[in-house]
Amino acid sequence: MRVRQAPVDRRRLTIDKARPRHPSDASVTGYESSYLYSLMQSARELMIVLREDEQIVGRLAWYDQACLKITPSDGSPSLVIPKESIKYLYETSAQGAL
């Protein structure tokens, strides 16, 4: 007795191969790390606004997946700030601008 197999849908195989193997968060683009690295290398002055609306002006010393280390411009000790407590940050000085 011969067993019949269901026909193979080639379109479905092509679509399945095009999908990523591991689902990823759509908000993660991979550019955060390269942007932070460029800020650290250029020693740009940043304004960091925390969720409690506190403001810190300083330079990025290092970063990792969960936090940033900021060296304040006023000479106070360095701060390690969790990324989840940062509302936003921006560059305060444009070095090399005319």
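Note that this is a predicted model, so its numbers are computed, not measured. One-based numbering along the sequence shown.
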Tell me, please, which residues at least two apart from Gln65 pass side chain to side chain contact (heavy atoms under 4.5 Å, CB included). none
Taking atom CZ of Arg59 and atom OG of Ser42, what is their separation to the nearest 0.5 Å? 9.0 Å
Flag side-chain contact, heavy atom, 4.5 Å: Trp62 against Cys67: yes
Among all residues two or more places apart in sequence or in another chain, which pass the side chain to side chain donor-acceptor pair (under 3.5 Å) test with Ser85? none
So which pairs with a foot in residues 29-41 pass salt bridge (Lys or Arg N to Asp or Glu O under 4.0 Å), sequence neighbours left out? Glu32-Lys83
Pairs satisfying salt bridge (Lys or Arg N to Asp or Glu O under 4.0 Å), at least one member in residues 62-81, at least two apart: none
Please round to the nearest 0.5 Å and tell me the distance separating atom CD of Glu91 and atom OH of Tyr35. 4.0 Å
For residues Met47 and Ile70: do they belong to one hydrophobic cluster (side chain heavy atoms under 4.5 Å, members Ile, Leu, Val, Met, Phe, Trp, Tyr)? no
Between Arg44 and Leu39, is there a donor-acceptor pair closer than 3.5 Å when you use the side chain of the first and the backbone of the second? no
For Ser33, the side chain to side chain contact (heavy atoms under 4.5 Å, CB included) test, sequence neighbours excluded, returns Tyr63
Is it true that atom CD of Glu84 has more than 12 heavy atoms of other residues, nucleotides or ligands lying nearer than 6.0 Å? no
Taking salt bridge (Lys or Arg N to Asp or Glu O under 4.0 Å) as the cut-off, I'd like each qualifying pair that reaches into residues 46-55, sequence neighbours left out, listed once. Asp53-Lys87
Ile86: which residues meet the side chain to side chain contact (heavy atoms under 4.5 Å, CB included) condition with it, sequence neighbours left out? Ile48, Leu50, Leu68, Ile81
Tyr90: which residues meet the side chain to side chain donor-acceptor pair (under 3.5 Å) condition with it, sequence neighbours left out? none
Which pair of non-hydrogen atoms, one from Ser78 and one from Pro72, has the smallest distance, and what is that distance? CA-CD, 3.9 Å
Side-chain heavy atoms nearer than 4.5 Å, only ILVMFWY residues, links allowed to pass through others: does that put Tyr37 and Leu60 together? yes
Output all residues satisfying side chain to side chain contact (heavy atoms under 4.5 Å, CB included) with Pro77, sequence neighbours left out; order by chain, then residue number. none
For residues Ser73 and Glu45, report the shortest heavy-atom separation together with the two atoms involved. OG-OE2, 2.8 Å
